[in-house]
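All chains are named by letter (A, B, ...) in the order of the sequence lines, taking the proteins before the strands, and each is independently numbered beginning at 1.
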Protein chains: 2
Amino acid sequence: MPDQTDEQALDRVFSALSDPVRRALLSRLDEGEFLVSELAEPFDISLQAVSKHIQVLVAAGLVVQERTGRVSRCRLNAGPIYQAAVWVNRYSKYWQAQFETLTAWLDDIEHNRTPDDGQS
Amino acid sequence: MPDQTDEQALDRVFSALSDPVRRALLSRLDEGEFLVSELAEPFDISLQAVSKHIQVLVAAGLVVQERTGRVSRCRLNAGPIYQAAVWVNRYSKYWQAQFETLTAWLDDIEHNRTPDDGQS
DNA sequence: TTGACTATCAATCATTCGGTTGAATATTGA
DNA sequence: TCAATATTCAACCGAATGATTGATAGTCAA
């Protein structure tokens with residue numbers, strides 16, 4: 001039985017993941033650490049808008065920022081996604097057909113191989 | 001490489017999951033079919049508010065409604081959650097410690113056993 | 001037919017969200 | 001010191017969100 005704090009944390013994580021810009025930021029940060037300006041570069045929106053998106057990710061606990069001098073280095077913290085993963089995986093029984101694919105894919109990760117990932 | 005339609009579908013699914021009332025509705029519908037009034041009963045908010053939450057779930061493709069006479073029977077359609085599950089499971093490598101728990105849990109589901117589920 | 005019941009529609013309200021522009025803060029380096 | 005740089009803060013804007021209340025539509029049954 002999750003307490004209210006957990007529920008609110010889940011609110012923030014799912015809400016953070018509901019925006020395509022923020023998902024793209026997390027995908028990028030999965031590759032390493034980046035400065036705010038580096039993260040902002042691919043987007044057509046203003047740097048300030050990206051900065052606010054990063055703040056949303058920080059509030060959800062998904063990103064950690066470490067400021068040294070002028071620059072602010074951003075690092076992924078995927079831990080909070082775990083509860084979201086547990087939540088959505090409760091429904092995996094409904095896509096049995098694709099289930100073998102998912103488990104194989106998770107198995108790939110477990111053995112530190114690269115899954116068939118067509119991500120842009 | 002997901003197309004824009006898929007991205008927007010993911011937006012809607014994650015956004016739908018970001019509200020605790022809607023997550024509770026999905027959990028309930030995982031147990032079977034319910035009328036709108038039955039779904040609304042446990043909540044302190046108005047029936048109309050619950051009806052609107054259900055409409056959000058329908059728009060995300062997570063719930064199907066079938067109206068017969070006065071009543072509207074609601075049924076879970078978990079399929080669209082799959083893409084969200086794939087998305088969050090990309091980050092499973094970051095919680096290796098808990099990973100065995102997750103795979104064991106998925107394995108339980110695969111064999112139609114009941115996982116250790118303390119859900120309210 | 002009348003009345004109760006189920007659910008949605010409609011209007012409203014306060015708040016949040018995603019974006020903008022402009023100013024401020026702080027750091028670096030010439 | 002002074003100018004350029006990196007980031008955040010602040011104010012604002014329009015649209016979306018989550019809730020309310022009241023009205024409406026449609027169905028069932030006495």
ask   = Should the ring pair A:Y91 and A:W87 be called parallel, tilted or perpendicular, given that the plane angle runs from 0 to 90° and is split at 30 and 60?
value = tilted

task = Determine whether B:N89 and A:N89 make a side-chain contact, defined as any pair of heavy atoms from C-beta on separated by less than 4.5 Å.
result = yes

remark   = Only residue of B:V64, B:L35, B:V36 satisfying side-chain contact (heavy atoms from CB on, under 4.5 Å) with B:R73 is B:L35

query = Is a side-chain N or O of A:R67 found less than 3.5 angstrom from the main chain of A:S72, in a donor-acceptor match?
reply = no

task = Counting heavy atoms from C-beta on, name the nucleotide in D:dT20, D:dA6, D:dG18 closest to the side chain of A:S37.
result = D:dA6

ask   = Can you tell me how far P of D:dA6 sits from CD1 of A:I54, to the nearest Å?
value = 14 Å

inquiry  = Once you apply a heavy-atom cut-off of 4.0 Å, does B:E38 come out as touching a base, just sugar-phosphate, or nothing?
reply    = nothing

ask   = Do the side chains of A:P80 and A:R12 get nearer than 4.5 Å, heavy atoms only?
value = no

request  = Can you tell me the distance, in whole Å, between the CZ atom of B:F14 and the P atom of D:dA16?
outcome  = 22 Å

key: Nearest listed nucleotide, side chain of B:I45, among D:dT20, D:dT7, C:dT20   = D:dT20

inquiry  = D:dA19, OP1 or OP2 - any side-chain N/O from B:H53 closer than 4.0 Å?
reply    = yes

query = In whole angstroms, how far is the C1' atom of D:dG18 from the CG atom of B:L47?
reply = 15 Å

task = Ignoring the backbone of A:S46, work out which of C:dT20, C:dG18, D:dT8 is nearest its side chain.
result = C:dT20

ask   = Looking at the side chain of B:R67, which of D:dA11, D:dT7, C:dA7 is the nearest nucleotide?
value = C:dA7

query = Any donor and acceptor pair, going by atom type alone, linking the side chain of A:S51 with main-chain N or O of A:L47 inside 3.5 Å?
reply = no

ask   = Is there a donor on the side chain of A:Q48 or the base of C:dG22 sitting less than 3.5 Å from an acceptor on the other?
value = yes

ask   = Base, sugar-phosphate alone, or nothing: which one does B:L35 contact when heavy atoms must sit under 4.0 Å apart?
value = sugar-phosphate

query = Can you tell me how far C1' of D:dA6 sits from CD of A:Q65, to the nearest Å?
reply = 12 Å

query = Between B:D19 and A:K52, who's closer to the 5' end of DNA chain D by nearest nucleotide?
reply = A:K52

query = Side chain of A:Q55: nearest nucleotide among C:dG19, D:dT7, D:dC9?
reply = D:dC9

request  = Identify whether any heavy atom of A:R73 sits under 4.0 Å from a base atom; if not, whether one sits that close to sugar-phosphate; answer base, sugar-phosphate or nothing.
outcome  = nothing

ask   = Taking for each residue the nucleotide of DNA chain C with the nearest heavy atom, is it B:S51 or A:V56 whose nucleotide lies nearer the 5' end?
value = B:S51

message = For A:R22 and A:G69, find the nucleotide of DNA chain C closest to each by heavy atoms; which residue's nucleotide sits nearer the 5' end?
response = A:R22

remark   = Side-chain atoms of A:V21 come closest, of D:dA6, C:dG19, C:dT8, to C:dG19

request  = Can you figure out which of D:dT8, C:dT6, D:dA11 approaches the side chain of A:S72 most closely?
outcome  = D:dT8

message = Could you check whether the side chain of A:R70 and the base of D:dT7 have a donor-acceptor pair of N or O atoms closer than 3.5 Å, going by distance alone?
response = no

remark   = B:F34 atom CZ is separated from C:dT6 atom P, nearest whole Å, by 16 Å

message = How many whole angstroms separate atom CG of A:D11 from atom C1' of D:dT17?
response = 14 Å

task = In whole angstrom, give the distance that lies between atom CZ of B:R12 and atom C1' of D:dA16.
result = 15 Å

